[in-house]
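Structure record follows, encoded as structure tokens.
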Amino acid sequence: MNLDFSRIFPDIPFILSGVPQTLLFTFASVFFGLILGTVLSLFKISGIKPLIWFALAYTSIFRGTPLLLQLSLVYFATPQLTGYDISALQAGVFTFSLNSAAYMSETIRAGIQAVDKGQTEAAMSLGVPYPLLMWDVVLPQALKNILPALVNETISLLKDSSLVSTIGVVEILRSAQIVGANKFIYFEPLLFAGFLYYVLVMALTLLASVLEKRLRRSD
């Protein structure tokens, strides 16, 4: 087998330079997706039909079409439709956030509905306003319940972030492809890229496990 990792040693810093871009995409998408997903989940349990229909249609569209198609539409169609020359970074974060919100909304909705209704009724009987009730009582417990699902969504986003290489963002996969194209070798740089993704996913899983244990300890 003609396998020699020493040929990519000088290029390892370049491949590693894609890690910050990958993490930026992932955590920015999780942050904005969590906010939008929470809003959508509140729409779904609001009891107001137009809001419920909007949230259900949104979720259906973003879960029913490929992420790569959504990314291409945002990146290539935005300048045509609006005249705004959106950057690859903006297109990636925007698309990933919208897509992630669709999945998170279902997870958060389930988490909210799993909170004991007695607490909600008790807070309402004390005259706690609905926004304060959701912010202080329901959402903290719901987020604690769905932490493992949120970690899974974050891991999926981290791996899916390789899709932004298709619009020219130099993240882990794209930097490995550039090294491969420059040196006419592909197995070693791609294998190293796969190793980096694996390490990042394992680090994220370990971090989530520690956080989950701390939250359980505080119960």
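Within 6.0 Å of OH on Tyr186 lie more than 12 heavy atoms contributed by other residues, nucleotides or ligands. Remark: Phe192 CZ is packed, more than 12 non-hydrogen atoms of other residues, nucleotides or ligands lying under 6.0 Å away.
Contact record, Val74 with Pro79: O-CD, 4.5 Å, taken as the closest heavy-atom pair. Counting all heavy atoms, side chain and backbone alike, Ile108 lies closest to Gly37 at CD1-C, 3.9 Å. Pairing each heavy atom of Ile167 with each of Ala88, the nearest pair is CD1-O, 3.7 Å. Considering every non-hydrogen atom in both Gly92 and Val164, the closest pair reads CA-CG1, 4.2 Å. Val201 approaches Lys159 most closely through the heavy-atom pair CG2-CG, 4.2 Å.
The backbone N or O of Phe14 sits less than 3.5 Å from a side-chain atom of Ser17, completing a donor-acceptor pair. At distances below 3.5 Å, not a single donor-acceptor pair connects side-chain atoms of Ser100 with backbone N or O atoms of Ser97. At distances below 3.5 Å, at least one donor-acceptor pair connects side-chain atoms of Lys183 with backbone N or O atoms of Arg7. For the pair Thr78 (side chain) and Tyr75 (backbone), a donor-acceptor distance under 3.5 Å is absent. A donor-acceptor pair under 3.5 Å is formed between the side chain of Asn145 and the backbone N or O of Gln141. With hydrogens and angles ignored, the 3.5 Å screen pairs a side-chain donor or acceptor of Thr166 with a backbone N or O of Leu163. Judged by distance alone, the side chain of Gln90 and the main-chain N or O of Ser87 form a donor-acceptor pair under 3.5 Å. Without hydrogens or angle criteria, Gln70 side chain to Thr65 main chain gives a donor-acceptor distance under 3.5 Å.
Taking OG of Ser105 as the start and CD1 of Ile45 as the end, the distance is 11.5 Å to the nearest 0.5 Å. Expressed to the nearest 0.5 Å, how far CZ of Arg109 lies from OG1 of Thr38 amounts to 13.5 Å. Taking CG from Leu200 and OG1 from Thr154, the interatomic distance works out to 13.0 Å, rounded to the nearest 0.5 Å. How far CG of Asn152 is from CG of Leu147: 10.0 Å, rounded to the nearest 0.5 Å. Taking CD1 of Ile172 as the start and CD of Gln21 as the end, the distance is 10.5 Å to the nearest 0.5 Å. Within the model, atoms CZ of Phe76 and CG of Leu81 stand 13.5 Å from one another, a figure rounded to the nearest 0.5 Å.
Ile12 and Leu173 fall within the same hydrophobic cluster, where Ile, Leu, Val, Met, Phe, Trp and Tyr residues are linked whenever their side-chain heavy atoms come under 4.5 Å apart, directly or through other members. Note on Tyr198: it clusters hydrophobically with Leu16, by side-chain heavy-atom contacts below 4.5 Å among ILVMFWY residues. Under a hydrophobic clustering in which Ile, Leu, Val, Met, Phe, Trp and Tyr are joined whenever their side-chain heavy atoms come within less than 4.5 Å, directly or via other members, Phe9 and Leu196 fall into the same cluster. Residues Leu51 and Trp53 do not share a hydrophobic cluster, defined by chaining ILVMFWY side chains whose heavy atoms lie under 4.5 Å apart. Residue Met202 is grouped with residue Leu204 when hydrophobic side chains (ILVMFWY) are merged at heavy-atom distances under 4.5 angstrom, including chains of intermediate members.
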- Message: Quick one, Leu190 with Gln177, criterion side-chain contact (heavy atoms from CB on, under 4.5 Å). Give me CA distance, side-chain angles, the key distance, then yes/no.
- Response: CA-CA 7 Å; Leu190 290 178; Gln177 289 172 331; 4.3 Å; yes
- Message: One pair to check against side-chain contact (heavy atoms from CB on, under 4.5 Å): Leu89 and Phe25. What are the steps and the verdict?
- Response: CA-CA 8 Å; Leu89 176 67; Phe25 268 107; 3.7 Å; yes
- Item | Chi angles and distances behind the side-chain contact (heavy atoms from CB on, under 4.5 Å) call for Leu40, Phe54 | CA-CA 9 Å; Leu40 289 170; Phe54 171 80; 4.0 Å; yes
- Message: ring-ring contact (aromatic ring centres under 6.0 Å, His included) for Tyr58 and Phe62? Distances and angles first, verdict last.
- Response: CA-CA 6 Å; Tyr58 179 98; Phe62 278 92; 4.6 Å; yes
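Put simply, the side chain of Leu34 reaches to within 4.5 Å of the side chain of Leu150, judged on heavy atoms. Contact annotation: the side chain of Thr22 approaches that of Glu171 to within less than 4.5 Å [non-hydrogen atoms, C-beta and beyond]. Side-chain atoms of Leu191 and Phe5, non-hydrogen and from C-beta on, do get closer than 4.5 Å to each other. By the 4.5 Å heavy-atom criterion applied to side chains, Phe27 and Leu157 are not counted as neighbours. Using a 4.5 Å heavy-atom threshold, the side chains of Phe31 and Ile35 count as touching. At a threshold of 4.5 Å between non-hydrogen side-chain atoms, the residues Thr59 and Glu106 count as touching. Residues Ile112 and Leu42 meet the side-chain proximity criterion, which asks for heavy atoms closer than 4.5 Å. Looking only at side-chain heavy atoms (C-beta outward), Ile48 and Ile52 stay at 4.5 Å or farther from each other.
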